[in-house]
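This report refers to the structure that appears directly beneath it.
Proteins get letters first, then strands, A, B, ... in listed order; numbering begins at 1 in each. Given the structure is predicted, the values throughout are model-derived calculations rather than measurements.
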Amino acid sequence: MKKIVVKKNRYIDSVTLMSVGDKIMKMDGIENAEVQMGTWANQELLVELGYEIPEGTGPDDLVMAVTGDTEEHLAAAFTRIEDILEHRDEDEEEHYSDLSEIDLEETPFDLVQISLPGRYAYEEANKALDKGLHVFIFSDNVSLEEERRLKEKGREKGLLVMGPDCGVGMVGGVCLAAGSIMNQGPVGIVAASGSGAQEVACLLDQCGIGISSLIGTGGRDLYPEIGGIEMLQGMELLEKDEDTKVIILVSKLANYQVMEKVLGAADSLTKPVVAVFLGGDEALFEGHKTVPAFSLEEAACKAAKLIKPDIDLNFRYEDAEIAEIVAGEMKKYNETQKYFRGLYCGGTFTEEGLLYYSKIPGIKLYSNLNTKYAEKLEDSHVSFGHSILDMGAEDFTSEAPHPVFDPQLRIRRLMKELKDEETAVVLLDFITGPGVAEDPITPFVDAIKKADTGRHITYIANICGSKQDPQNIVEKKKLLQDAGVIVTASSYESARLAGALMQELERRN
Amino acid sequence: MKWKVVNIGLQFFYDALKAQDCEAVQVDWRVPVQRSCETERMLEVVNESELKEKIDAANDKAVHCIIDSDPAWVDILPAGEVIEGLDDYTIIHSGPPIEYDDMVMLHQRGLVSACLFEGWAKTQEEAVELIKSGKLKIMSALDTNTVGAGTGIITKSVAMIIIEDRRTGIRAATFPAEGPFQGGFCGWGLYSPEIAENLRYMREELFPVVRQMLKEFGPIAIKPILAESFQMGDENHTRQSAADLIFEHQVLPNLFKMDVPKEKLLPVVNYIVDTPRYFHCYGQGASRSAMLSAVGTEYSTMVTAVCGNGVTFGIKVAGLGDEWFTAPAPMMKGRYTSSKYTIKDQLPWIGDSCVVECAGMGGLAAAASPIVCALRGMKNKDAVALTKEMQKICITKNPNFPIPNMDFEFLPVGIDIRKVLETGITPEIHGGMFNFEGGLIGAGSARVPMECFEKAMAAYVKKYGK
């Protein structure tokens, strides 16, 4: 059906009008849309298109003509035309093609977040520092030499250089990159490990304890070439920050001299410091004031205790609980089912898992990572024995988007594991936040429900996220549980449960 | 207070910031220019200090051919009398030279129309035979002192607007719009008895009155009109709304002062006032007349011609005389006049009107006309950014054209092929979009293909490099 409306003596520049028709044509059920001044040439065109033009329409009149399938769609189109002409739908942002165009006097920006291909990140970060802005670099593939130059410059200017290869952060009340939205609170975190810091913050969130800042340093900050510049700078900042009462340091095991330097610096702070260097031992902390922790969960718990000494923490399974679950599950496997398959998406979680499993006697581990804890899989795409995969590693992300941003890669792998009759236990970790997949969980729930293996599979999962995240983790947790997934409180607890099952499977095998 | 964040890179990180009510902007970052080894080598040659000095001096001279030009409308004359080499049995068309068989339908039709209009053939079949016989001389407009907007079909009998650069005395000729037939014969390559009659009517009825006016009141200076219109929202390629009015403001009083009967005068007035974008041919004529004095400036790397024929696209460079450097013609992006058109209807770039870009107007003057930028859904700020981008590939700025929108900064002028290769930025050109049948279906813009500049630079290095 066709509708034509004429507005007498309403002049709008033809150039402006040219863009209106295009926008209307994109609407549902609209076949044709012309918004034109009623010149003779335009009237001719409209007649050609089958419109009847009201008598007396002239070149000073605005003619709006729309063809669509229903009255509703036509009405919507006319409303939209009015909106466009009255500028009611202007939501466009300022447009910049280069950092140099941004006028800080107009808008005093604080930080530049960079996620360009690595080879371009240095230049933009450098420009940002020159403009006096803090920098957060998500990009990887920035050379150590460039990283050092940026961090030295940042230190000189009193600016943060978070990253390169920094996955999460929360500064100035804004959560960056793949981080979760945390409530403001008394704990400041400086972390060389993205998912590790995220886990600590989320566990604190579950205790009702918020975060003052989460300063990511990038994974190489504690390399000797960098010497922990950012971690030291972050600690200093948190020491001065009035809102911070307790400081947590999170890293994988790093260069001993640098860790020593960091712990030495922590000794001179007035605020209590809890530190976890995943894979490190007690000896590391000898002679230092810092409260040692050996898992992410422990770091979170110790910090929570410092804030609220009488807090009741219940993340942990009792040993008996684990034994009960294991006994129940073992009864349901058939005899072909022998192995555990850990499909991790968080790098630190993989590391933490490997570390934990490697301490269980008599278990042989395989992984796609080059690590002392496991034998390297011949082909990352084919699991073997107890396989622990970091699906955020390059052998996977070179083929598809990182599983934190797009679940598809990991779902395909899950289906593959389910086809393997040796699979007994599958572990999944989930990360939420405004900067990751809109819904990282439901697709797995659907896949699990649909999967018809004819065997019983134990699914273990944990969600690393906060209640403030847009994904609604409470609801998602229930979805998982309804699908028969055992949802643990933390990556560490997932590892404990998985480890116990592995041990029992191995005993039976 | 929450921190304010600039995001460079992944769009969804920006969306995540906005979702937290963080004040954030997204930088539309682009990959920095990647130059080939060959380009690097050529740039090394032209940046060698001795040659560079010569080029800079030559470019200064060439660009002042534009800046110091004093174009004026001096006359209307038959094309045969003013265009070099336009003899009988000669047809001019737009764009780089091209064989009849390779032409788009528009040009083929234009050549046939030309034969019918001049009476060289009685039927279309006869015309095609004549064209294929090789007896006709077929030339590119930009190989002469004219400009072929659209199809640019010009034969000896077409009446042409004559613009003289009074600094040099060099004349350029451009065809005027054909009243009710708009593009008609010259612009769209159409022929019908009515079109032929209209061309005769313009030549014999309208233009004698106009010539008399020019005789009585003297030439009309073009540059002041351009300058004023740039301050009133024209970029003088896609839009001439202000220029038309200023022009009419000068011409009409003169016409009325003349001792001409009303019935002879009124059609002239109507013709000038009713023709949309009437001033466009004056802007092109002014550009062309200035550019002609730059052609052949030894050592200069300034671009003197930019045009397409619907198949290939070509440029010329001052220091390389009349040699063409071509690439496939680009497609324009913009808005269609009606939503019934799509890219499938659209012809690749055809026409010579980018001569105005060579003279620092049109796409280079985007900042002067935010409304033309709005054609592509861009904002005022984008228009300014575009002109600033064009500054990076231009020799200098033209003090004749200060732009209010840029705090009266001057428009850039003189496209330098060195700078194009160095920056990877190619000139923005505005224009009209045609369909394959020759109808005007919209307006938009394109970028001159980089290949043209690479080829030109290769020729330049061959000629001037050591």
(message) Before you tell me yes or no, could you show the steps for A:Ile137 and A:Leu150 under side-chain contact (heavy atoms from CB on, under 4.5 Å), namely the whole-Å CA-CA distance, both residues' side-chain angles and the distance that decides it to 0.1 Å?
(response) CA-CA 11 Å; A:Ile137 309 168; A:Leu150 290 173; 3.8 Å; yes

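- Chain B forms more heavy-atom pairs under 4.5 Å with one residue of A:Glu123, A:Glu34, A:Met25 than with any other, namely A:Glu34.
- Heavy atoms closer than 4.5 Å to chain B are found nowhere in A:Ile24, neither backbone nor side chain.
- Annotation: maximal heavy-atom pairing with chain B below 4.5 Å, among A:Cys175, A:Pro117, A:Ala41, occurs at A:Cys175.
- At a 4.5 Å heavy-atom cutoff, the contact between A:Phe405 and chain B is made by side-chain atoms alone.
- Counting heavy-atom pairs closer than 4.5 Å to chain B, the top residue among A:Asn32, A:Val112, A:Leu133, A:Asn42 is A:Val112.
- In this structure, A:Glu106 does not pair ionically with B:Lys381, as no charged nitrogen and carboxylate oxygen lie closer than 4.0 Å.
- At a threshold of 4.0 Å, the pair B:Arg239-B:Asp234 counts as salt-bridged, since one of the basic side-chain nitrogens sits closer than that to a carboxylate oxygen.
- Taking chain B as the reference chain and counting heavy-atom pairs below 4.5 Å, the highest number among A:Pro108, A:Ala128, A:Pro470, A:Ala121 is found for A:Pro108.
- If you take CZ on B:Phe408 and CD on B:Gln231, they are separated by 5.5 Å, rounding to the nearest 0.5 Å.
- Both the backbone and the side chain of B:Leu10 come within contact range of chain A, each with at least one heavy atom under 4.5 Å from a heavy atom of that chain.
- In this structure, the side chains of A:Leu176 and A:Leu111 come closer than 4.5 Å at one or more pairs of heavy atoms.
- Residue contact with chain B, scored on non-hydrogen atoms closer than 4.5 Å, is absent for A:Gln468.
- With a 4.5 Å cut-off on side-chain heavy atoms, B:Ile8 and B:Phe13 do not count as touching.
- Across B:Lys2, B:Gln20, B:Lys388, B:Glu389, the residue that shares the most heavy-atom pairs under 4.5 angstrom with chain A is B:Gln20.
- A salt bridge links A:Asp22 to B:Arg335: at least one charged side-chain nitrogen sits closer than 4.0 Å to a carboxylate oxygen.
- For the set A:Gln36, A:His134, A:Arg119, the count of heavy-atom pairs under 4.5 angstrom toward chain B peaks at A:His134.
- Using modelled atom types, one side-chain atom of B:Asn435 and one backbone atom of B:Glu437 make a donor-acceptor pair closer than 3.5 Å.
- Residue with the most contacts toward chain B among A:Ala177, A:Gly433, A:Ser139, A:Gly21: A:Ala177 (heavy-atom pairs, distance under 4.5 Å).
- When heavy atoms are compared at a cutoff of 4.5 Å, B:Glu23 approaches chain A by way of both its backbone and its side chain.
- Interface residue B:Lys340: backbone and side-chain heavy atoms are both found under 4.5 Å from chain A.
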(message) One pair to check against salt bridge (Lys or Arg N to Asp or Glu O under 4.0 Å): A:Glu124 and A:Lys127. What are the steps and the verdict?
(response) CA-CA 5 Å; A:Glu124 297 302 316; A:Lys127 271 194 240 172; 3.2 Å; yes

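- Both the backbone and the side chain of A:Leu116 come within contact range of chain B, each with at least one heavy atom under 4.5 Å from a heavy atom of that chain.
- Looking at A:Glu31, neither its backbone nor its side chain comes within 4.5 Å of chain B, counting heavy atoms on both sides.
- Looking at A:Ile181, only its side chain comes within 4.5 Å of chain B, counting heavy atoms on both sides.
- A donor-acceptor pair under 3.5 Å is absent between the side-chain atoms of B:Arg277 and the main chain of B:Asn236, judged by distance alone.
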